[in-house]
Amino acid sequence: MKRLPLTLPLLLALMVTAPAWSQETVIQSENVRFAYAQVLRVTPVYQTLTTTGVEEQCDQSPAPDNDQSRLSRVVGAVKDALGRQSDEQPDPDCRAVPVEREFRRPIAYDVDYVYKGAKYRSRLPDDPGNRLRIRIGVTPVVSGSRSL
């Protein structure tokens, strides 16, 4: 029975202070929902790549007679069909020339869209089409001191 008087005051003290523990205010950090915005314009953003290759460039000689031209074409077609022999020398009027080419590829898209009358712009990895799914988050501003 001696233990009962000691545990009873401790139990009563816990019951009195328990409501104080439960009075802490928990503020949700963010409220989020999703909606759709109307896309106004999509502009691709391009990356330009430059490559260098080698092509054979031949000098044009004066046009030969028609009969000679026809014969040359027939002989050239037969050579191409049979394949060139390795011991054959390249045409002396031809030479290898470096040629640069540029390629453009889209890497992103600048998207202008409107949601509830306000216009926005974002850079996206893909073209969104007519509608853009957006995330709407609302977070209250809580200051440490209250001034009235």
Side-chain angles (χ1 to χ4, degrees), residues 3-4 6-64 66 69-70 72-86 88-148:
R3 285 190 167 190
L4 185 60
L6 290 176
T7 37
L8 188 58
L10 183 59
L11 187 58
L12 287 174
L14 286 174
M15 292 174 74
V16 171
T17 57
W21 291 340
S22 64
Q23 290 178 1
E24 289 183 30
T25 304
V26 177
I27 298 175
Q28 185 177 359
S29 63
E30 189 175 24
N31 297 309
V32 176
R33 68 183 183 98
F34 295 93
Y36 285 92
Q38 180 66 42
V39 173
L40 301 173
R41 182 176 54 191
V42 177
T43 307
V45 177
Y46 291 101
Q47 176 184 34
T48 302
L49 302 170
T50 304
T51 62
T52 303
V54 178
E55 289 184 0
E56 189 175 284
Q57 185 178 20
C58 299
D59 292 333
Q60 295 288 344
S61 57
N66 270 347
S69 174
R70 287 185 192 146
S72 296
R73 282 188 277 174
V74 169
V75 171
V78 170
K79 281 184 179 179
D80 287 341
L82 297 175
R84 293 190 173 223
Q85 300 298 327
S86 61
E88 223 179 287
Q89 296 296 323
D91 192 351
D93 294 336
C94 297
R95 63 186 179 283
V97 177
V99 177
E100 285 191 359
R101 288 199 172 97
E102 285 189 355
F103 298 96
R104 289 178 13 152
R105 66 176 185 156
I107 57 170
Y109 296 88
D110 286 335
V111 180
D112 294 331
Y113 54 98
V114 63
Y115 178 72
K116 290 195 175 182
K119 292 181 182 179
Y120 301 93
R121 174 177 280 183
S122 295
R123 182 163 283 184
L124 303 174
D126 299 309
D127 185 341
N130 295 342
R131 296 184 337 157
L132 176 64
R133 187 167 187 231
I134 59 173
R135 179 182 181 268
I136 302 165
V138 178
T139 306
V141 176
V142 181
S143 60
S145 62
R146 294 187 182 219
S147 58
L148 298 175

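Source: prediction; values computed, not measured.
To the nearest 0.5 angstrom, Gln47 atom CD is 11.5 Å from Arg104 atom CZ. From Ile134, atom CD1 reaches atom CD1 of Ile136 across 4.5 Å, with rounding to the nearest 0.5 Å. Taking CG of Leu132 as the reference point, atom OH of Tyr120 lies at 12.0 Å (rounded to 0.5 Å). Atom CG in Leu49 sits 9.5 Å away from atom CD in Glu102 (nearest 0.5 Å). From Ile107, atom CD1 reaches atom CZ of Arg123 across 7.0 Å, with rounding to the nearest 0.5 Å. Distance check: Lys119 NZ to Asp112 CG gives 8.5 Å after rounding to the nearest 0.5 Å.
Of the options Glu55, Glu56, Gln57, a side-chain contact (heavy atoms from CB on, under 4.5 Å) to Arg95 is made by Gln57 and by none of the others.
In this structure, Tyr115 and Ala37 approach most closely via the heavy-atom pair CB-CB, 4.1 Å. The shortest heavy-atom contact between Ser122 and Tyr113 is OG-OH, 3.0 Å.
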Check against side chain to side chain contact (heavy atoms under 4.5 Å, CB included), Arg101 and Phe103: CA-CA 7 Å; Arg101 288 199 172 97; Phe103 298 96; 4.1 Å; yes
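No donor-acceptor distance shorter than 3.5 angstrom exists from the side chain of Asp126 to the backbone of Pro128, with no hydrogens or angles considered.
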